[in-house]
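Taking it in order: structure first as structure tokens, then the write-up.
As the structure is a computational prediction, the values presented were derived from the model and not from experiment.
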Amino acid sequence: MDYNFIEIEKKWQAYWAQHKTFKAEPDSSKPKYYVLDMFPYPSGAGLHVGHPLGYIASDIFSRYKRLKGFNVLHPMGYDAFGLPAEQYAIQTGQHPEKTTHQNVARYRQQLDRIGFSYDWDREFRTCDPEYYKWTQWAFLQMFGSWYDNSLQKARPIEDLVAAFEKGGSAAVDAANNDAPVFTAEEWKAFSEKEKSDVLMHYRIAYQGESTVNWCPALGTVLANDEVKDGYSERGGHPVFQKKMVQWQLRVSAYAGRLLEGLDRIDWTDSLKEMQKNWIGKSQGAEMVFKVRNGEQEYDMTIFTTRADTVYGVTFMVLAPESEWVPKLTSPEQKEAVDAYLDQVKKKTERERIAGKAVTGVFSGSYAVNPLTGESVPVWIAEYVLAGYGTGAIMAVPAHDSRDYAFARKFNLPIIPLIEGADVSEESYDAKEGIMTNSGFLNGMDVKEAIPAAIDYVEAHGIGRRKINYRIRDAIFSRQRYWGEPFPIYYKDGIATPVPEDKLPLTLPEIDEYKPTETGEPPLARAKDWTYEGYPLEKSTMPGFAGSSAYYLRYMDPRNDKALVSREADEYWRSVDLYIGGTEHATGHLIYSRFWNKFLYDLGYVCEDEPFRKLINQGMIQGRSNFVYRIVNTNTFVSAGLKDRYETTEIHVDINIVRNDRLDIEAFKAWRPEFATAEFILENGEYICGWAVEKMSKSMYNVVNPDQVCDNYGADTLRLYEMFLGPVEQSKPWDTKGIDGVNRFLRKVWRMFWDRDTFLVNDEAPTPEELKSLHKLIAKEQEDIEHFSYNTTVSAFMIAVSELQGCSKRAILEPLLILLSPFAPHIAEELWQQLGHAESITYASFPEYNPAYTAEDNVKYPVSFNGKTRFMVDLPKSMGPAEVEAAVRSHEMTAKYVGDMSIAKVIVVPGRIVNVVLKK
RNA sequence: GCCCUGGUGGUGAAAUGGUAGACACGAGGGACUUAAAAUCCCUUGGCCCGAAACGGCCGUGCGGGUUCGAUUCCCGCCCGGGGCACCA
């Protein structure tokens, strides 16, 4: 019998589906293990060979854990709301639901061919109403909650109302956005609308005005992580800053916990670092400066991390969008300020970043330095950001490079505060040196001066210690159709939740997916988009809404009473292993952690962090091939000779190239213009050039997993993707090595079959055979736990070549179990041929017995003055003195000693012998 | 600019501080075969000596250091990949 992978794979995929082999149910008799892949967005292009890399790794881990006796939850689904389907709908008029459905079907088909051990009964799409009901539900919970800073947790909004009734706004320390100040009496006197407006400043899901990333081309706002270098991540359209009222999530309230939680989870350093950067904690102080515009005087708060430099403040700067700008613009300067603001507003985000030109305008007002009493001018400049700190800064040009550039441009004074600092050419930003020109701080080192200055400021009521975070609240509305509708309607202008028992609030049908002529979101086109006669919210939720809690839903996907039942949540708890790309570091992985912590605060889930361990799989890049056409001809020259001619490099479809050799006939047939092509060959072959590039259609370098499954089988694909290198590493897809892996599987097959003879026998294994097997058991165990799959595959190859010719059941049975996580189809087939009625999934991982691999002898490397010269086999039981004696009398020793003499012999028992020679 | 990563043959890569290059591809040679496919065996980091050798020298981006011994640890650079970036 031959190794017919096509039939074997079909057979076992059907078997697993039919027997629900991978169905997971809570089972208190077994330890649980939850392995999750970042679910895909089903795009129209289908899967390429890079997508399954992480899926294969997680599948191997899942199958391994099952063999180890764990109850494994390994689900899959689709992140199905999003822009591409909607853009396609706008262009074609086709309902995004339809495209999404088709794409999902195609993804499922492709996934099924690779033989994943998913529990498909738990599959869902984020655009299913039964699913997004719970996205809407979570939103309503956030709408109905506020964040208590003193308890550091979210609480029901009713608690806040009760506190206001008792003590007004001063009664609580709550996260808020510029909430007004009021007494208990004032609160009681507020109208319903006024109360609602006040509460809106506290809700965790709130509506508020803020500067947002507005993308006119997409007709929607975007979250910070959806903008890259001033362009939209999807589509690459320019993005502008604009003030708008939007739904937002108070992620910033959780900044401290998001940061501190990183210490308790097993993620890579680089990913934690990215999140730390994104959260951007900085410790400093808020300080109050008196500011004066003519007769008007105000207290203006600024944030600084360098309170020690307050003696060097020579001017103040406001962000153009700051609320202080109108207050502090003097009548004489009004025209200049307006012109400046106008100019700033017209810039795209891109221009603002890229230009880095120093711009600004004087406001006409002055501020008083609270320590020196000196008066300094207040400027307006775009290098100060409205969204960070208070949107206003004290400028210390001597010790801040941005302030320095500004001072130079506008001729403002620069006062150095650190002894010996030369500020004639550039600012001295380093936090080291001895303070000078700084009153009571003089003589201190900067490191002492910072806390000393803050202490002073606090003692004199000028300011207080403050921690600022860079992370912003997440903009949560999109002016789009293909997303979750907000379960919010407007009753007399008050945002009111649709009752929970009316969820899901399903997307209405509309006839066109574009925004309306008046610029309203597409939902404005829906007939009767109202609730009990009141208008419903017309924007929809962003892409990350549906992916923020999907891992919880997998625990209990068909529950229509709760997002997840208490029992299911307490059994599965959180994701033990999460595999996905780094591109979600500052998006999904932040939002999910936030979302989970919120649900945790309200007692809906029992774990505070959703993903205990996270592995980032690398990207698989494409390996493109090129042909070289001699200019103005239809003649192509082989890569090795191309330098002799003037040529143009042309991408050639990698499907007509094998090992960089071009299939000339296929090339002629590829495109009509090449039909008459001529070739200059080397050694009778046309050698193509190559390059590693992103996998994309336009570079003709996309490798589709289906092709690989057709040619080599899913088991080979799985093994090969692992063999390619460490999972975390990015690498080009290169089919060169795939034959080796396929050869290995055929070798395994031949341990069982010689043509039509079934070879397996019941002979007792030899010590050597047991040693090979147990070395492999130990290696696989060790490697899988460390996600080092490539070395496991190598270990398999070594074991199989050592075991060549061995067809003993006692060896082959455990070998198949070891192989099954990697190459499950072939393992199942041979397992069945060994007479097992049940799937190999239910087998147990073989027990490692160190006795079989133990060596009686130790191989000592013998070094002379550090150069290892030879190895000597000595019994393990030998003591250091005996080892030394054996080495001294070894025949090779005399040769290396030569005319020198032995000064001493260093023996590290079990490790090394080093002979130190001297003249 | 700041932070994180990585740098080893023709290629993908492997090495608890202990014979660098396992394993695999590719390449070369051979066996089997009418032939091909498949399979199996040998060689394969560079240079040198040699009839041969378990012969010599060099070699893990570069320069230092620690050590009997460094791909591995420490310091200073160079280059690639990724992230953040007027964050006061």
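- Side-chain N/O atoms of A:Tyr712 and A:Asp739 include a donor and acceptor closer than 3.5 Å.
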Nucleotide N/O to protein N/O under 3.5 Å, stretch nucleotides 1-6 of chain B:
| from | atom 1 | to | atom 2 | distance (Å) |
| --- | --- | --- | --- | --- |
| B:rC3 | O2' | A:Glu273 | OE2 | 3.3 |

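- In this structure, A:Arg746 forms no cation-pi arrangement with A:Trp753, as its terminal cationic atom is not both closer than 6.0 Å to the ring centre and no more than 45° off the ring axis.
- Residue contacts for A:Pro732: at a heavy-atom cut-off of 4.0 Å it reaches no nucleic acid atom on any strand shown.
- For A:Gln729, a side-chain nitrogen or oxygen approaches OP1 or OP2 of B:rA13 to under 4.0 Å.
- Pair check for B:rU44 finds B:rG26; Watson-Crick or G-U wobble, both atom distances under 3.5 Å.
- B:rG26 and B:rC58 are spaced 26 Å apart, taking the C1' atom of each and rounding to whole Å.
- Atom CZ of A:Phe870 is separated from atom P of B:rG55 by 12 Å (rounded to the nearest Å).
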Protein-nucleotides 39-43 of chain B N/O pairs closer than 3.5 Å?
| from | atom 1 | to | atom 2 | distance (Å) |
| --- | --- | --- | --- | --- |
| B:rU39 | OP1 | A:Arg746 | NH2 | 2.7 |
| B:rU39 | O3' | A:Arg750 | NH2 | 3.3 |
| B:rC40 | OP1 | A:Arg750 | NH2 | 3.4 |

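- Picking from B:rC84, B:rA88, B:rC23 the nucleotide with the shortest atom distance to the side chain of A:Phe723 gives B:rC23.
- Nucleotide B:rC73 forms a Watson-Crick or G-U wobble pair with B:rG65, both donor-acceptor distances falling under 3.5 Å.
- Taking a cutoff of 4.0 Å between a charged side-chain nitrogen and a carboxylate oxygen, A:Lys775 and A:Glu802 qualify as a salt bridge.
- The P atoms of B:rA24 and B:rC79 are separated by 38 Å, rounded to the nearest whole Å.
- Using atom P as the reference point in both B:rG61 and B:rG56, the two lie 25 Å apart (nearest Å).
- A donor-acceptor pair shorter than 3.5 Å cannot be found between the side chains of A:Thr301 and A:Glu286.
- Here B:rG17 sits opposite no nucleotide as a Watson-Crick or G-U wobble pair (both hydrogen-bonding atom distances under 3.5 Å).
- Where A:Met797 and A:Leu724 meet RNA chain B, the nucleotide closest to each residue was compared, and A:Leu724 sits on the side nearer the 5' end.
- We find that CZ of A:Phe289 is positioned 16 Å from P of B:rA88, with the value rounded to whole Å.
- Between A:Tyr388 and the phosphate of B:rA88, there is a side-chain N or O to OP1/OP2 separation shorter than 4.0 Å.
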Distances for protein N or O near nucleotides 68-74 of chain B N or O, under 3.5 Å:
| from | atom 1 | to | atom 2 | distance (Å) |
| --- | --- | --- | --- | --- |
| B:rC68 | O2' | A:Gly866 | N | 3.2 |
| B:rC68 | O2' | A:Asn914 | ND2 | 3.4 |
| B:rC68 | O2 | A:Asn914 | OD1 | 3.1 |
| B:rC68 | O2 | A:Asn914 | ND2 | 3.3 |

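- Across all strands shown, B:rU34 remains unpaired; no Watson-Crick or G-U wobble contact has both distances below 3.5 Å.
- With sequence neighbours excluded, the residues satisfying ring pair (Phe, Tyr, Trp, His ring centres under 6.0 Å) with A:Phe787 are A:Phe61.
- Aromatic ring centroids of A:Tyr383 and A:Phe406 lie under 6.0 Å apart.
- Spacing of P atoms, B:rG69 relative to B:rG83, comes out at 42 Å, to the nearest Å.
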- Task: Before giving the answer on side chain to side chain donor-acceptor pair (under 3.5 Å), spell out for A:Ser282 and A:Asn468 the whole-Å C-alpha distance, their side-chain angles and the decisive distance to 0.1 Å.
- Result: CA-CA 5 Å; A:Ser282 71; A:Asn468 254 330; 5.7 Å; no

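- Following rounding to the nearest Å, A:Lys736 (NZ) and B:rG10 (C1') show an atom-to-atom distance of 8 Å.
- Ring centers of A:Phe723 and A:Phe744: at least 6.0 Å apart, outside the cut-off.
- Proximity of a side-chain donor or acceptor of A:His786 to a complementary backbone N or O of A:Glu782 within less than 3.5 Å is detected.
- Atom name C1', nucleotides B:rA14 and B:rG45: the rounded distance is 15 Å, in whole Å.
- Pairing for B:rG50 is absent, with no Watson-Crick or G-U wobble pair whose two atom distances lie under 3.5 Å.
- Of the candidate nucleotides B:rA14, B:rC86, B:rA22, B:rA14 has the atom nearest to the side chain of A:Pro726.
- Residues A:Lys731 and A:Asp403 each lie close to RNA chain B; by heavy-atom proximity, the contact nearer the 5' end of the strand is made by A:Lys731.
- Distance alone, capped at 3.5 Å, places no donor-acceptor pair between the A:Thr757 side chain and the A:Leu759 backbone.
- Distance check on atom P: B:rG18 versus B:rA70 gives 11 Å, rounded to whole Å.
- Summarising the geometry, the separation between CD on A:Glu782 and P on B:rA14 is reported as 15 Å, rounded to the nearest angstrom.
- In B:rG9 the O4'-C1'-N dihedral to the base is within 90° of 0, which defines a syn nucleotide.
- Going from atom CG of A:Asn742 over to atom P of B:rA38 covers 11 Å, rounded to whole Å.
- Regarding contacts with the backbone of B:rA14, a side-chain N or O of A:Asn790 is found under 4.0 angstrom from either OP1 or OP2.
- Pairing for B:rG80 is with B:rU5, a Watson-Crick or G-U wobble pair whose two hydrogen-bonding atom distances lie under 3.5 Å.
- Under the ring pair (Phe, Tyr, Trp, His ring centres under 6.0 Å) criterion, A:His890 pairs with A:Phe870, sequence neighbours left out.
- Side-chain contact of A:Thr791 with A:Asp783: a donor-acceptor pair under 3.5 Å is present, judged by distance alone.
- Using a 4.0 Å heavy-atom cutoff across all strands shown, A:Arg755 reaches no nucleic acid atom at all.
- Of all nucleotides listed (B:rA88, B:rA22, B:rG83), B:rA88 comes nearest to the side chain of A:Phe303.
- Taking atom P on both nucleotides, B:rC42 is separated from B:rA22 by 14 Å, rounded to a whole Å.
- Between A:Tyr789 and A:Val727, the closest heavy-atom pair is CD1-CG2, 3.3 Å.
- Regarding A:Gln617, its CD atom lies at a distance of 14 Å from the C1' atom of B:rG82, rounded to whole Å.
- The distance from atom CG of A:Leu318 to atom P of B:rA88 is 18 Å, rounded to the nearest whole Å.
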- Quick one: do A:Glu780 and A:Thr792 satisfy side chain to side chain donor-acceptor pair (under 3.5 Å)? Show the steps, please. CA-CA 5 Å; A:Glu780 175 164 343; A:Thr792 318; over 6 Å; no

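- Rounded to whole Å, the C1' atom of B:rC4 lies 30 Å from the corresponding atom of B:rG59.
- For the ring pair (Phe, Tyr, Trp, His ring centres under 6.0 Å) test, residues two or more places apart in sequence or in another chain that qualify with A:Trp733 are A:Tyr720.
- When the P atom of B:rA13 is taken as reference, atom CG of A:Leu719 falls 17 Å away, rounded to whole Å.
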